[in-house]
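Written out below as structure tokens is the structure these notes cover.
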Amino acid sequence: MSDIISVLTFKSTESILATGGTQSWALDRNRAARCDYVVICRNAHSREAEGPELHGTAFLIGKVKDVIPSTETPGRWLILISEYAEVDYPNEWQGRNPVAYWKDTDYEDIDFKAQDYQPLTNTAPGLTISEAKAGLAIGLNIPESAIEIIIRA
């Protein structure tokens with residue numbers, strides 16, 4: 001059984017792939033990082049909706065690679081993906097919050113292992129020193145001030 005994180009976004013497939021994943025999420029980093037897949041659903045009710053899909057349609061499934069600090073919004077998270085499949089599963093969004101956790105068995109119409117995944121290459125963003133320190137502090141449960149990063153060239 002696989003763990004799934006599902007998100008409701010206004011962003012397009014192109015934006016998500018260019019970023020290397022889906023971001024600006026308030027979530028439990030450890031729980032999200034343990035998920036095998038992210039199901040990305042369309043928020044068509046947003047004034048900024050970038051895609052043509054109907055509200056609640058799952059349009060992208062990604063294999064979760066890691067969860068790192070968002071490059072857009074401080075204090076939020078970016079779910080990096082290693083592979084993705086473009087899909088069209090209407091009415092897959094349930095709930096009020098834009099982030100939800102599920103098991104693969106909760107999805108009657110989606111066979112996660114049978115998707116046509118494509119590798120996502122050369123798109124994952126680099127981290128700033130500040131972002132790396134913030135991520136390490138959270139992951140290690142220590143204050144950021146206790147982390148020193150040394151770069152030797």
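When reading the values below, keep in mind they use all heavy atoms of this one structure, side chains included, and skip hydrogens, waters and symmetry mates.
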Practice problem: Decide yes or no for Ile147 and Ile149: does some side-chain heavy atom of the first lie under 4.5 Å from some side-chain heavy atom of the second? | Solution: yes

Practice problem: Taking ring-ring contact (aromatic ring centres under 6.0 Å, His included) as the test, write out the residues that go with Phe112, two or more places apart. | Solution: Tyr37, Tyr107

Quiz item: What's the spacing between Ile81 CD1 and Asp66 CG if we round to 0.5 Å?
Solution: 13.0 Å

Quiz item: Do Ile61 and Ile40 touch side chain to side chain, with heavy atoms closer than 4.5 Å?
Solution: no

Quiz item: Can you tell if the side chain of Ile110 reaches within under 4.5 Å of the side chain of Gln115, non-hydrogen atoms only?
Solution: yes

Quiz item: Once you round to the nearest 0.5 Å, how far does CG of Leu27 lie from SG of Cys35?
Solution: 9.0 Å

Quiz item: What's the shortest heavy-atom distance between Gln118 and Asp116, and which atoms?
Solution: NE2-OD1, 3.2 Å

Quiz prompt | Under 3.5 Å donor-acceptor, Trp77 side chain and Ile79 backbone | solution = no

Exercise. Kindly indicate whether the side chain of Trp25, heavy atoms from C-beta on, has any atom under 4.5 Å from the side chain of Ser70.
Key: no

Quiz item: Should Ile5 and Trp102 count as side-chain neighbours, where that means a heavy-atom distance under 4.5 Å?
Solution: no

Quiz item: For Asp36, does the CG atom sit with more than 12 other heavy atoms under 6.0 Å from it, leaving out its own atoms?
Solution: yes

Quiz item: Is the shortest heavy-atom distance from the side chain of Leu80 to the side chain of Ile68 under 4.5 Å?
Solution: yes

Quiz item: Are Cys41 and Phe59 side-chain neighbours, meaning at least one heavy-atom pair lies under 4.5 Å?
Solution: no

Quiz item: Given the rule that I, L, V, M, F, W and Y join up when any side-chain heavy atoms are under 4.5 Å apart, are Tyr89 and Tyr101 in one cluster?
Solution: no

Exercise. For residues Ser82 and Lys65, report the shortest heavy-atom separation together with the two atoms involved.
Key: N-CB, 3.8 Å

Practice problem: Report yes or no: does Arg29 contribute a side-chain atom to a donor-acceptor pair with the main-chain N or O of Val67 at less than 3.5 Å? | Solution: yes

Quiz item: Checking Ser12 side chain against Ser15 main chain: does a donor-acceptor pair fall under 3.5 Å?
Solution: yes

Quiz item: Is the backbone N or O of Gly21 less than 3.5 Å from a side-chain atom of Thr19, with the two atoms forming a donor-acceptor pair by type?
Solution: no

Quiz item: So, are Glu50 and Lys11 salt-bridged, with charged N and O less than 4.0 Å apart?
Solution: no

Quiz item: Does CG belonging to Asn141 count more than 12 external heavy atoms closer than 6.0 Å?
Solution: no

Exercise. Identify the two heavy atoms, one from Ser24 and one from Glu72, that lie closest to each other, and give their separation to 0.1 Å.
Key: OG-OE1, 2.7 Å

Exercise. Identify the two heavy atoms, one from Ser6 and one from Trp93, that lie closest to each other, and give their separation to 0.1 Å.
Key: OG-CZ3, 3.2 Å

Quiz prompt | Asp111 side chain vs Lys113 backbone, donor-acceptor pair below 3.5 Å | solution = yes

Quiz item: Roughly how far, to the nearest 0.5 Å, is OG1 of Thr9 from CD1 of Ile16?
Solution: 5.0 Å

Quiz item: Taking all atoms of both residues into account, what is the closest heavy-atom pair of Val87 and Leu60, and its distance?
Solution: CG2-N, 3.6 Å

Self-check item: Minimal non-hydrogen separation, Ala58 against Val39, with atom names
Solution: CB-CG1, 3.7 Å

Practice problem: Kindly confirm or rule out a cation-pi arrangement of Arg42 over Phe10, judged by NZ or CZ under 6.0 Å from the six-membered ring centre and within 45° of its axis? | Solution: no

Quiz item: Do Lys103 and Asp3 sit within salt-bridge range, that is, some charged N less than 4.0 Å from a carboxylate O?
Solution: yes

Practice problem: Report yes if the side chains of Val38 and Ile4 come closer than 4.5 Å at any heavy-atom pair, otherwise no. | Solution: no

Quiz item: Are Arg34 and Asp28 close enough for a salt bridge, meaning some N to O gap below 4.0 Å?
Solution: no

Quiz item: For atom CD1 of Ile142, is the number of surrounding heavy atoms from other residues, nucleotides or ligands below 6.0 Å larger than 12?
Solution: yes

Practice problem: Ignoring hydrogens and angles, state whether a donor on the side chain of Glu92 or Thr57 is under 3.5 Å from an acceptor on the partner side chain. | Solution: no

Exercise. For Thr71 and Gln23, test the side chains for any donor-to-acceptor distance below 3.5 angstrom and give the result as yes or no.
Key: yes

